[in-house]
A.B. asks: 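Shown below is the structure under consideration.
Residue indices begin at 1 and follow the sequence shown.
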Amino acid sequence: MPELPEVETIARGLHCGRNGVCPIVGKQVEHTRLLWSRTLANASARQLQQRLAGQTVQSVGRRGKFVVITFTSHTLLVHLRMSGDLRVEPSASTQPLKHDRLRIDFNDGTRLAFHDPRKFGRAWLTDRPQEVLGTLGPEPLDGQLTPARFHRMLTARERQLKPLLLDQTFLAGLGNIYTDEALHLARLHPLQNSKEITSQQAADLLKAIRSVLRQGIRRNGASIDWVYRGGDFQNQFRAYQRNGQPCPVCGATIQRILVGQRGTHFCPHCQQL
């Protein structure tokens with residue numbers, strides 16, 4: 001958490017402004033401050049300041065669960081992990097927060113702050129983004145990911161579906177929430193062996209993944225804890241965190257099991273192994 005829809009919502013807000021977020025595109029860097037050295041994975045505070053000073057934000061996008069901030073000649077990649085958040089605020093009149101790890105002040109008086117209480121989040125400053133992003137699997141919403149290609153990807157492995165879908169080198173952007181939701185929508189058990197998936201099941205699963213992700217994006221993601229707030233997809237959950245509640249399709253009781261040390265929610269009637 002956050003997953004693809006939450007990261008997409010944050011990136012869109014920083015790029016064009018939405019939900020009260022001020023866009024940063026077109027702003028010029030005046031000063032940077034690294035407040036916890038390990039937040040920046042591949043550079044020092046001095047290098048950050050030297051490289052970004054005077055550069056202008058060209059665009060903000062997303063790749064998998066990474067926020068991609070493109071400057072004039074460098075790219076800042078931010079992975080929010082468990083508790084990270086990005087906010088834009090006036091640099092002069094706003095009191096910095098206790099758990100701010102990285103701040104970028106712009107010459108128009110605004111600031112981009114990376115806030116991360118648990119310190120798991122990381123940022124990379126690079127002129128070669130693919131060195132960091134190159135191991136990611138395809139984007140679930142990419143039109144080039146056809147049902148036939150997805151079926152080949154699944155059957156080329158011999159893994160349980162839930163851990164495989166969480167593997168960012170297999171498919172970029174899915175986490176616990178949207179994997180549980182997609183598997184329920186596709187009526188596939190989280191322990192199903194990927195090698196045994198039929199072409200029709202693969203097509204149904206890809207369609208389900210895209211459906212829950214698009215719905216999540218439309219609803220600005222899911223707000224289920226103190227870390228990410230602003231979305232309401234949590235009100236549409238079919239299976240995730242509904243342990244003990246009736247399945248919205250058949251009425252059977254949603255169950256929770258551990259799969260790869262991850263809490264996993266499914267309907268034993270709709271998702272038979």
A.B. asks: Do the non-hydrogen side-chain atoms of Asn243 and Gln245 ever get within less than 4.5 Å of each other?
C.D. replies: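 When only atoms from C-beta onward are counted, Gln245 and Asn243 do not touch, as no gap falls below 4.5 Å.
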A.B. asks: If I compare all heavy atoms of Pro248 with all of Arg242, which pair ends up nearest, and what's the gap?
C.D. replies: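 For Pro248 and Arg242, the tightest heavy-atom pair comes out as CD-NH1, 3.4 Å.
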A.B. asks: Rounded at 0.5 Å granularity, tell me how far OG1 in Thr39 sits from CH2 in Trp124.
C.D. replies: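 If we round to the nearest 0.5 Å, Thr39:OG1 and Trp124:CH2 are 10.5 Å apart.
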A.B. asks: Can you check whether Pro117 reaches Ser83 side chain to side chain, under 4.5 Å on heavy atoms?
C.D. replies: yes
A.B. asks: Report yes or no: does Thr253 contribute a side-chain atom to a donor-acceptor pair with the main-chain N or O of Pro246 at less than 3.5 Å?
C.D. replies: no
A.B. asks: Please test Asp105 against Arg33 for side-chain contact (heavy atoms from CB on, under 4.5 Å), starting from the C-alpha separation and ending with a verdict.
C.D. replies: CA-CA 8 Å; Asp105 290 339; Arg33 187 175 182 189; over 6 Å; no
A.B. asks: Between Glu89 and Arg111, is there a donor-acceptor pair closer than 3.5 Å when you use the side chain of the first and the backbone of the second?
C.D. replies: no
A.B. asks: Identify whether the distance between the nearest side-chain nitrogen and carboxylate oxygen of Asp100 and Arg87 falls below 4.0 Å.
C.D. replies: yes
A.B. asks: Distance check, rounded to the nearest 0.5 Å: Arg103 atom CZ versus Leu97 atom CG?
C.D. replies: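 Atom-to-atom, Arg103:CZ and Leu97:CG are 8.0 Å apart.
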A.B. asks: Do the side chains of Leu161 and Asn193 get nearer than 4.5 Å, heavy atoms only?
C.D. replies: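 A side-chain contact is absent here, since even the closest heavy-atom pair is not under 4.5 Å.
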A.B. asks: Which pair of heavy atoms, one from Lys65 and one from Pro2, lies closest together, and at what distance?
C.D. replies: CD-O, 4.0 Å
A.B. asks: Who passes salt bridge (charged side-chain N to carboxylate O under 4.0 Å, His left out) against Arg159, sequence neighbours left out?
C.D. replies: Asp167
A.B. asks: Which heavy-atom pair separates Arg210 from Pro140 by the least distance, and what is that distance?
C.D. replies: NE-O, 2.7 Å
A.B. asks: Tyr240 versus Thr179: any side-chain heavy-atom pair under 4.5 Å?
C.D. replies: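 Sidechains of Thr179 and Tyr240: no contact.
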A.B. asks: Within the distance-only criterion (no hydrogens, no angle test), does the side chain of Arg62 pair as donor or acceptor with the backbone N or O of Gly64 below 3.5 angstrom?
C.D. replies: yes
A.B. asks: May I have the step-by-step check of salt bridge (charged side-chain N to carboxylate O under 4.0 Å, His left out) for Lys119 and Asp116, ending in yes or no?
C.D. replies: CA-CA 5 Å; Lys119 296 184 177 180; Asp116 185 24; over 6 Å; no
A.B. asks: Have Glu158 and Ser194 got a donor and an acceptor in their side chains that come within less than 3.5 Å?
C.D. replies: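 No donor-acceptor contact under 3.5 Å links the two side chains.
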A.B. asks: Does a donor on one side chain sit under 3.5 Å from an acceptor on the other, for Gln49 and Thr32?
C.D. replies: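 On atom types as modelled, these side chains qualify, holding a pair under 3.5 Å.
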A.B. asks: Report yes if the distance between the aromatic ring centroids of Tyr178 and Phe237 is under 6.0 Å, otherwise no.
C.D. replies: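 Between Phe237 and Tyr178, which both carry aromatic rings, the centre distance is not below 6.0 Å.
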A.B. asks: Got a sec, which residues hit ring pair (Phe, Tyr, Trp, His ring centres under 6.0 Å) with His79, two or more places apart in sequence or on another chain?
C.D. replies: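 Only Phe66 meet the ring pair (Phe, Tyr, Trp, His ring centres under 6.0 Å) criterion with His79.
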A.B. asks: Are the side chain of Arg219 and the backbone N or O of Phe233 linked by a donor-acceptor pair below 3.5 Å?
C.D. replies: no
A.B. asks: Determine which pairs satisfy salt bridge (Lys or Arg N to Asp or Glu O under 4.0 Å) with at least one residue from residues 181-206, sequence neighbours left out, and list them in order.
C.D. replies: none
A.B. asks: Looking at residues at least two apart in the chain, or sitting in another chain, which of them share a ring pair (Phe, Tyr, Trp, His ring centres under 6.0 Å) with His184?
C.D. replies: none
A.B. asks: For the backbone of Gly221 and the side chain of Glu6, can you confirm whether one donor and one acceptor N or O come within less than 3.5 Å of each other?
C.D. replies: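 Not a single qualifying donor-acceptor pair exists.
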A.B. asks: If you look at every heavy atom in Asp127 and Ser73, which pair is closest and at what distance?
C.D. replies: CB-O, 3.8 Å
A.B. asks: Treating Ser223 as the side-chain partner and Gly231 as the backbone partner, does any N or O pair qualify as donor plus acceptor under 3.5 Å?
C.D. replies: yes
A.B. asks: Working to the nearest 0.5 Å, report the span between CG of Leu86 and CG of Leu76.
C.D. replies: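 Separation between the atoms: 8.5 Å.
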A.B. asks: Test of understanding: clusters of I, L, V, M, F, W, Y form through side-chain heavy atoms closer than 4.5 Å, transitively. Do Val249 and Ile254 belong to the same one?
C.D. replies: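 No, because Val249 and Ile254 fall into different hydrophobic clusters, even though each may have its own neighbours under 4.5 Å.
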A.B. asks: Going by heavy atoms in the side chains, are Val67 and Val60 under 4.5 Å from each other?
C.D. replies: yes
A.B. asks: Could you measure the distance from the CZ atom of Arg12 to the CD1 atom of Ile217? Nearest 0.5 Å is fine.
C.D. replies: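 If we round to the nearest 0.5 Å, Arg12:CZ and Ile217:CD1 are 5.5 Å apart.
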A.B. asks: When clusters are formed by joining ILVMFWY residues with side-chain heavy atoms under 4.5 Å apart, either directly or through shared neighbours, do Ile177 and Leu166 land in the same one?
C.D. replies: no
A.B. asks: Transitively linked via ILVMFWY side-chain contacts under 4.5 Å: Leu165 with Leu141?
C.D. replies: yes
A.B. asks: Less than 3.5 Å apart, which donor and acceptor atoms pair up between the side chains of residues 260-273 and the rest of the protein, not counting sequence neighbours?
C.D. replies:
from: Thr264; atom 1: OG1; to: Lys162; atom 2: NZ; distance (Å): 2.8
from: Thr264; atom 1: OG1; to: Arg262; atom 2: O; distance (Å): 3.0
from: His265; atom 1: ND1; to: Asp180; atom 2: OD2; distance (Å): 3.2
from: His265; atom 1: ND1; to: Gln241; atom 2: N; distance (Å): 3.4
from: His265; atom 1: NE2; to: Gln241; atom 2: N; distance (Å): 3.4
from: Gln271; atom 1: OE1; to: Cys267; atom 2: N; distance (Å): 2.8
from: Gln271; atom 1: NE2; to: Leu183; atom 2: O; distance (Å): 3.4
from: Gln271; atom 1: NE2; to: Leu188; atom 2: O; distance (Å): 2.8
from: Gln272; atom 1: NE2; to: His269; atom 2: O; distance (Å): 3.2

A.B. asks: Among residues at least two apart in sequence or on other chains, which ones pass side chain to side chain contact (heavy atoms under 4.5 Å, CB included) with Gln160?
C.D. replies: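 Per chain and number, Gln160 pairs via side chain to side chain contact (heavy atoms under 4.5 Å, CB included) with Pro163, Leu191, Val259.
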A.B. asks: Do Gln200 side-chain atoms and Ile197 backbone N/O form a donor-acceptor pair below 3.5 Å?
C.D. replies: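 No; zero donor-acceptor contacts below 3.5 Å.
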A.B. asks: Keeping the roles fixed (side chain from Arg122, backbone from Arg38), state whether a donor-acceptor pair exists under 3.5 Å.
C.D. replies: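 Checking the backbone N and O of Arg38 against the side chain of Arg122, a donor-acceptor pair under 3.5 Å is found.
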A.B. asks: State, to 0.1 Å, how close Leu77 and Pro129 come at their nearest heavy-atom pair, and which atoms those are.
C.D. replies: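 Between these two residues, the closest heavy atoms are CD1-O, 4.0 Å.
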A.B. asks: Would a hydrophobic clustering, with Ile, Leu, Val, Met, Phe, Trp and Tyr connected at side-chain separations under 4.5 Å, put Val132 with Phe114?
C.D. replies: no
A.B. asks: Can Val68 be reached from Val57 by stepping across I, L, V, M, F, W or Y side chains whose heavy atoms are under 4.5 Å apart?
C.D. replies: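 No; tracing contacts between hydrophobic side chains, which count when under 4.5 Å, never links both residues.
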A.B. asks: Rounded to the nearest 0.5 Å, what's the gap from CD on Gln168 to CG on Leu171? Could you check?
C.D. replies: 8.0 Å
A.B. asks: Please round to the nearest 0.5 Å and tell me the distance separating atom NZ of Lys27 and atom CG of Leu14.
C.D. replies: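 That separation rounds to 11.0 Å.
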A.B. asks: Decide yes or no for Leu112 and Ile69: does some side-chain heavy atom of the first lie under 4.5 Å from some side-chain heavy atom of the second?
C.D. replies: yes
A.B. asks: Does the side chain of Thr56 come within less than 4.5 Å of Gln58's, by heavy atoms?
C.D. replies: yes
A.B. asks: Could you check if a side-chain atom of Asp232 sits within less than 4.5 angstrom of a side-chain atom of Asn220, using non-hydrogen atoms only?
C.D. replies: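 Side-chain contact under 4.5 Å: no.
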A.B. asks: So, Asn42 side chain and Leu125 main chain: donor-acceptor pair closer than 3.5 Å or not?
C.D. replies: yes
A.B. asks: Is a side-chain N or O of Ser211 found less than 3.5 angstrom from the main chain of Lys207, in a donor-acceptor match?
C.D. replies: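 No, because the side chain of Ser211 does not come within donor-acceptor range (under 3.5 Å) of the backbone of Lys207.
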